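Both backbone and side-chain heavy atoms feed into the values below; hydrogens, waters and symmetry mates do not. Residue numbers run from 1 in the order of the sequence given. Since the structure is predicted, the reported quantities are computational estimates derived from the model, not experimental observations.
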Amino acid sequence: MTGDAKLLRKAQRYLDSARLLREAGDRDSAVSRTYYAAFYLAEILLDALGLSFSSHRAVISAFGQQFAKTGRVDARFHRLLISAFEKRQRADYLADAGLDDTEVAQLIADVESFASAARAWLQGPDSTRTSDR
C-alpha cells in the first residue's frame with residue numbers, strides 16, 4: 001500500500017471517528033478529526049501533483065491554487081477546507097467553541113463529499129501522479 005493510500009485510509013478513519021465523537025456529544029473533538037480528514041485529503045491531492053508543504057496554511061493555499069482555481073475540483077472544497085480549519089481552531093483552543101450539533105453534522109457530511117471527490121479525481125484520467133510517498 002502506498003503512502004497516499006495509507007493517508008486516504010487514515011482520512012476515512014478520522015471521518016469515522018468524527019461521527020462517533022459527535023454521537024457521544026463531543027462536538028469539539030469531532031470537528032478536529034473532521035478537519036484533519038479534510039487536511040489529509042488536500043495533502044494527498046497535492047502530492048499527486050508532486051507538491052508538498054510544511055504548514056496547514058500553505059497546504060490550504062496551495063490546494064486553492066492548484067485545485068479550486070484550476071477547476072480540478074469544485075471550489076466549494078477549498079472554501080470547506082478554510083471553514084473546517086477555522087472551526088478546528090475554535091474547537092481546539094476555545095473553552096466554548098459554540099458549535100452546534102447541526103453544524104458539526106453538516107461539516108462531517110461536507111468532508112465526506114470532499115473525500116468522494118478526491119477519490120474520483122485520483123482515479124480519473126486527469127490524475128498525474130508523480131510521487132508515491
Side-chain angles (χ1 to χ4, degrees):
M1 182 180 297
T2 68
D4 287 348
K6 288 179 184 177
L7 197 53
L8 193 55
R9 286 181 59 159
K10 185 172 186 172
Q12 186 57 56
R13 206 170 56 247
Y14 274 34
L15 279 172
D16 294 342
S17 295
R19 275 192 236 78
L20 293 171
L21 288 162
R22 180 184 152 259
E23 289 170 12
D26 187 353
R27 292 188 297 265
D28 290 350
S29 295
V31 165
S32 185
R33 292 298 85 181
T34 304
Y35 163 71
Y36 276 100
F39 176 76
Y40 295 148
L41 293 166
E43 281 193 314
I44 292 163
L45 292 173
L46 289 165
D47 184 66
L49 299 179
L51 302 172
S52 177
F53 301 90
S54 60
S55 76
H56 287 249
R57 292 189 190 277
V59 167
I60 293 167
S61 177
F63 180 79
Q65 293 280 330
Q66 297 296 322
F67 286 89
K69 287 187 179 181
T70 62
R72 285 181 168 126
V73 299
D74 192 311
R76 73 184 166 107
F77 296 125
H78 182 236
R79 292 189 299 276
L80 171 64
L81 194 55
I82 293 167
S83 174
F85 177 76
E86 292 167 354
K87 288 176 179 153
R88 197 269 308 179
Q89 293 284 92
R90 288 180 15 222
D92 283 354
Y93 300 111
L94 297 179
D96 181 6
L99 300 162
D100 67 38
D101 190 60
T102 303
E103 184 177 10
V104 175
Q106 187 61 57
L107 180 64
I108 293 168
D110 290 344
V111 173
E112 287 172 341
S113 294
F114 180 26
S116 294
R119 282 187 196 94
W121 188 86
L122 288 166
Q123 294 171 357
D126 294 333
S127 180
T128 55
R129 290 181 115 8
T130 57
S131 70
D132 232 17
R133 279 193 298 154

Margin query: Could you go through L45 and R72, starting from their C-alpha distance and side-chain angles, then the distance that decides it, and tell me whether this counts as side-chain contact (heavy atoms from CB on, under 4.5 Å)?
Written below: CA-CA 10 Å; L45 292 173; R72 285 181 168 126; over 6 Å; no

Notebook entry, point to check: What residues form a ring-ring contact (aromatic ring centres under 6.0 Å, His included) with Y40, not counting sequence neighbours?
Noted result: Y14

Check: Looking at CZ of F53 and CG of L46, how far apart are the two atoms once the value is rounded to the nearest 0.5 Å?
Finding: 5.5 Å

Next item on the list: Look only at the side chain of R88 and the backbone of Y36, and say whether a donor-acceptor pair between them is shorter than 3.5 Å.
Entry: no

Checklist line | Heavy-atom pair with the smallest gap, counting every atom of A37 and V111 | finding: CB-CG1, 4.2 Å

Next item on the list: Provide the closest heavy-atom pair for A105 versus R22 in the form atom of the first, atom of the second, distance.
Entry: CB-NE, 3.4 Å

Note to self: Quick check: closest heavy atoms across H78 and A68, and the distance to 0.1 Å?
What the structure shows: CB-CB, 3.6 Å

Next item on the list: Check for a donor-acceptor pair, side chain of R27 on one end and backbone N or O of L99 on the other, with a separation under 3.5 Å.
Entry: yes

Next item on the list: Step through it carefully: locate the ring centre of H56, locate the ring centre of F39, and say whether they are under 6.0 Å apart.
Entry: yes

Next item on the list: Rounded to the nearest 0.5 Å, what's the gap from CG on L41 to CZ on F67? Could you check?
Entry: 11.0 Å

Check: What is the minimum heavy-atom distance between I44 and L8, and which atoms define it?
Finding: CD1-N, 3.4 Å

Item checked: Passing option when E103 is tested against L107, D100, D101 for side-chain contact (heavy atoms from CB on, under 4.5 Å) -> D100

Note to self: By the ring-ring contact (aromatic ring centres under 6.0 Å, His included) test, which pairs, at least two apart or in different chains, include something from residues 85-112?
What the structure shows: Y35-F85

Checklist line | Derivation of the salt bridge (Lys or Arg N to Asp or Glu O under 4.0 Å) call for R19 and D16 | finding: CA-CA 5 Å; R19 275 192 236 78; D16 294 342; 2.8 Å; yes

Can you give the donor-acceptor pairs under 3.5 Å from side chains of residues 113-120 to other protein atoms, not counting sequence neighbours?
{"from": "S113", "atom 1": "OG", "to": "A109", "atom 2": "O", "distance (Å)": "3.4"}
{"from": "S116", "atom 1": "OG", "to": "E112", "atom 2": "O", "distance (Å)": "3.4"}
{"from": "R119", "atom 1": "NH2", "to": "Q12", "atom 2": "OE1", "distance (Å)": "2.9"}

Checklist line | Value rounded to 0.5 Å, distance of CZ in R33 from CG in L21 | finding: 8.0 Å

Check: Between A18 and T34, what is the shortest heavy-atom contact and its length?
Finding: CB-OG1, 3.1 Å

Margin query: To the closest 0.5 Å, what do you measure between CD (Q89) and OG (S32)?
Written below: 9.5 Å

Notebook entry, point to check: After noting the C-alpha distance and the side-chain angles of F77 and L80, does the key distance pass the side-chain contact (heavy atoms from CB on, under 4.5 Å) rule?
Noted result: CA-CA 5 Å; F77 296 125; L80 171 64; 4.2 Å; yes

Notebook entry, point to check: Atom CG in L7, atom CG in D47: separation rounded to 0.5 Å?
Noted result: 8.5 Å

Next item on the list: Indicate yes or no: at least one non-hydrogen side-chain atom of S83 is less than 4.5 angstrom from one of K87.
Entry: yes

Next item on the list: Provide the closest heavy-atom pair for Q65 versus K69 in the form atom of the first, atom of the second, distance.
Entry: NE2-NZ, 3.5 Å

Checklist line | Nearest-0.5 Å distance, CG of residue D26 to CG of residue L20 | finding: 11.5 Å

